[in-house]
Amino acid sequence: MALKIKRRFLLKDDSLIVFLSKNGVNFSYQICENFYLDEKIYKKLDGVYLCEQNFDIVPISKQEYYQAQKHANFTFSKQIYGFKLNNNPVKIEIYDGEFSGTCVLSIDFVDEIFGVYFKPYAFLQEFIKFEITNKKEFNEAYIEQNGLSDEKFDLANAFYVLKNHQISLYFPPNLATKDAIATLCFKLCFEIYALNRSYIQDADTQKFLKIAKKLKTCKILLELFSNAFDEKTILFFINKIQHLTLLISQNENILKALVLLDDIKGSAWMSKLLEHALENANQEAMACINQTDFLKDFELFLSDTSDFFAGPTAKIKIYARIFYELRKELLKAIKIYNKLSEDSENSSFFLALDQSMKVQILFENFYDFLKEQDEIYIFNKKLKKSLSKLYTYENLLDFTQKAGDDSDSEKLKAKIYAKIYKIRHKILKFGKNFKAIGLKHSKNLKISYQKA
């Protein structure tokens with residue numbers, strides 16, 4: 001039995017199709033969508049759903065296809081033009097979506113010897129970039145995990161686009177860590193600029209809370225990936241953002257406490273006190289938000305495309321770093337939950353909140369890479385909500401204690417203590433389940449970043 005030989009070539013563009021059409025070649029045409037999961041290839045070929053494993057292809061239902069797709073990292077979309085060259089089946093695959101513009105020519109040779117010694121004809125060589133037959137980095141299963149090897153990310157162009165347009169970010173898996181984090185923080189920086197201008201004109205509560213959240217996100221991203229940058233420089237900006245966050249935190253704490261008071265009977269008097277305090281806090285927050293000149297320096301720092309501010313992990317693929325950081329923060333969180341008990345101070349619970357925020361920020365900004373860990377995201381989101389509420393009740397208790405020791409104050413404190421006790425109990429229960437989920441995914445995360 002003769003060995004089947006397939007040769008593959010990366011084309012410069014899709015102009016070969018135009019050339020062949022003009023020279024009378026008739027093509028078969030198919031629209032294909034496919035993804036890789038559990039060593040299987042799932043395909044949708046002209047509306048027919050298939051599953052391939054070990055070269056065996058079986059039809060599957062539409063429901064089976066889309067259910068499996070939920071767990072896939074990436075779905076390829078392409079147009080396939082088929083024809084024959086000297087009786088050898090030939091395909092030209094034109095990729096759409098994230099890999100739009102990528103064109104691959106593949107030839108299945110009937111004769112083994114001819115396939116081994118085949119040299120592209122002169123007319124084909126004009127359209128071929130280079131052969132990719134034995135290059136694993138051009139295999140779809142590899143591309144799904146690592147991105148296209150010759151995919152170029154123009155950082156300077158990305159900054160220009162982000163300055164002038166509001167767009168969602170897509171990071172190629174093989175993108176350098178420094179480039180990915182710089183781009184993400186650059187985008188956050190301009191969103192903060194826009195919100196600042198808008199908040200100064202109209203002191204809207206939601207705008208303020210968005211500013212606070214984006215500042216925290218930026219700070220946490222810089223902390224998580226700090227070793228992708230020059231140590232002293234990145235620490236300078238982390239401290240600047242941290243200082244601004246602390247300055248506006250009082251306003252944020254009052255706003256969140258007022259929301260909780262809506263659900264506590266007999267707390268109208270406290271709401272009035274906090275609303276009065278909020279007027280002063282708003283003025284202070286407005287003054288602080290105006291003190292963001294350092295963001296211009298931050299923008300210049302992020303815009304530097306040289307290696308001058310590069311740290312030791314600057315060139316590592318962002319795909320690998322995300323898995324590494326998520327696993328590291330998960331294991332830290334598990335250690336904290338192991339120590340939590342009914343006797344723990346609230347401050348110990350707030351350490352868990354810090355970890356929960358880091359995990360959530362990784363998921364919110366890099367979800368495309370972390371889909372398979374969705375179970376962590378869902379559970380962490382619930383835990384963060386409860387931990388954040390505990391933190392706000394603690395602040396509300398502090399505000400109430402400062403308001404005096406009359407009967408209304410004592411009643412309100414008793415209600416707040418009851419709420420705190422209930423939430424703590426819920427967090428301890430959730431924490432046990434989170435530990436089990438975290439440990440289950442930890443091994444897979446380690447394998448993922450070691451493979452990348």
Side-chain angles (χ1 to χ4, degrees), residues 155-156 158-159 162 169 171 175-193 195-196 210-250 252 285 287-333 335-336 347 350-366 391 449:
L155 196 60
F159 291 146
L162 290 171
L169 291 176
F171 294 119
L175 182 63
T177 296
K178 179 179 177 289
D179 291 352
I181 302 306
T183 305
L184 188 51
C185 288
F186 190 90
K187 182 174 186 287
L188 286 166
C189 195
F190 271 84
E191 288 170 349
I192 292 167
Y193 278 151
L195 285 166
N196 280 1
K210 284 180 182 178
I211 292 170
K213 183 180 178 182
K214 288 182 186 296
L215 283 168
K216 287 176 185 174
T217 298
C218 198
K219 172 184 164 287
I220 288 173
L221 284 169
L222 293 177
E223 288 174 338
L224 288 172
F225 300 95
S226 60
N227 50 11
F229 301 90
D230 173 70
E231 184 180 359
K232 288 183 179 178
T233 312
I234 204 67
L235 187 60
F236 170 81
F237 287 113
I238 288 172
N239 289 337
K240 282 284 186 182
I241 296 170
Q242 172 70 4
H243 179 66
L244 181 56
T245 304
L246 287 172
L247 287 175
I248 65 174
S249 62
Q250 182 75 343
E252 183 184 8
C288 293
I289 283 171
N290 277 324
Q291 297 174 23
T292 53
D293 289 344
F294 77 90
L295 286 177
K296 295 187 186 298
D297 293 329
F298 186 48
E299 178 194 334
L300 289 171
F301 164 70
L302 295 171
S303 303
D304 187 276
T305 56
S306 71
D307 290 334
F308 186 77
F309 293 114
T313 63
K315 300 293 185 182
I316 294 177
K317 294 174 188 173
I318 187 61
Y319 179 77
R321 289 299 301 172
I322 290 164
F323 285 123
Y324 177 83
E325 292 299 331
L326 178 58
R327 182 173 182 267
K328 184 181 76 176
E329 299 309 323
L330 269 180
L331 293 176
K332 283 183 182 179
K335 284 182 181 178
I336 291 169
S347 57
F350 301 149
L351 292 175
L353 175 59
D354 290 341
Q355 289 306 118
S356 184
M357 287 175 66
K358 290 174 183 177
V359 170
Q360 182 158 329
I361 282 169
L362 284 169
F363 272 101
E364 286 178 348
N365 292 282
F366 302 105
Y391 181 76
Y449 73 69

Query raised in the report: Counting only heavy atoms not in Glu364, do more than 12 sit closer than 6.0 Å to its CD atom?
Result: yes
Query raised in the report: Is the number of heavy atoms from other residues, nucleotides or ligands within 6.0 Å of OH (Tyr391) greater than 12?
Result: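 No, OH of Tyr391 has 12 or fewer neighbouring heavy atoms, counting only those of other groups under 6.0 Å.
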Are any of the side-chain heavy atoms of [X] and [Y] separated by less than 4.5 Å?
{"X": "Phe363", "Y": "Leu326", "value": "yes"}
{"X": "Leu184", "Y": "Phe366", "value": "yes"}
{"X": "Leu222", "Y": "Phe298", "value": "yes"}
{"X": "Thr183", "Y": "Leu175", "value": "no"}

Report task. For the pair Glu325 and Lys328, find out whether any cationic side-chain nitrogen is under 4.0 Å from an anionic carboxylate oxygen. Result ->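 So Glu325 pairs with Lys328 through a salt bridge.
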Query raised in the report: Should the pair Lys178-Asp307 be classified as a salt bridge under the 4.0 Å nitrogen-to-oxygen rule?
Result: no
Requested in this report: Give the intermediate values and the outcome of side-chain contact (heavy atoms from CB on, under 4.5 Å) for residues Arg327 and Leu331.
Outcome: CA-CA 6 Å; Arg327 182 173 182 267; Leu331 293 176; 3.9 Å; yes
Sub-3.5 Å donor-acceptor pair from the side chain of [X] to the main-chain atoms of [Y], do we have one?
{"X": "Ser303", "Y": "Glu299", "result": "yes"}
{"X": "Ser249", "Y": "Leu246", "result": "yes"}
{"X": "Gln355", "Y": "Leu330", "result": "no"}

From [X] [atom1] over to [Y] [atom2], what is the distance, rounded to the nearest 0.5 angstrom?
{"X": "Asn365", "Y": "Leu188", "atom1": "CG", "atom2": "CG", "answer": "6.5 Å"}
{"X": "Ile241", "Y": "Glu223", "atom1": "CD1", "atom2": "CD", "answer": "9.0 Å"}
{"X": "Asn227", "Y": "Ile316", "atom1": "CG", "atom2": "CD1", "answer": "7.5 Å"}
{"X": "Lys216", "Y": "Gln242", "atom1": "NZ", "atom2": "CD", "answer": "10.0 Å"}
{"X": "Ile211", "Y": "Leu244", "atom1": "CD1", "atom2": "CG", "answer": "9.0 Å"}
{"X": "Asp179", "Y": "Leu302", "atom1": "CG", "atom2": "CG", "answer": "11.5 Å"}

**Report entry** Derivation of the side-chain contact (heavy atoms from CB on, under 4.5 Å) call for Ile248 and Leu215
**Finding:** CA-CA 11 Å; Ile248 65 174; Leu215 283 168; 4.0 Å; yes
On a heavy-atom basis, which atom in [X] and which in [Y] lie closest, and how many Å separate them?
{"X": "Thr217", "Y": "Ile361", "value": "CA-CD1, 3.7 Å"}
{"X": "Ile318", "Y": "Ala180", "value": "CG1-CB, 3.7 Å"}
{"X": "Ala228", "Y": "Thr177", "value": "CB-CG2, 3.8 Å"}

Query raised in the report: Stepwise, does the ring pair (Phe, Tyr, Trp, His ring centres under 6.0 Å) test hold for Phe229 with Phe301?
Result: CA-CA 10 Å; Phe229 301 90; Phe301 164 70; 5.6 Å; yes
Requested in this report: Measure from NZ or CZ of Lys317 to the centre of the six-membered ring of Phe323, then state whether that distance is under 6.0 Å and the direction lies within 45° of the axis.
Outcome: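 That pair does not qualify as a cation-pi contact.
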**Report entry** side-chain contact (heavy atoms from CB on, under 4.5 Å) between Ile181 and Arg321, worked out
**Finding:** CA-CA 11 Å; Ile181 302 306; Arg321 289 299 301 172; over 6 Å; no
Query - Trace of the side-chain contact (heavy atoms from CB on, under 4.5 Å) decision for Cys185 with Phe237 - result: CA-CA 11 Å; Cys185 288; Phe237 287 113; over 6 Å; no
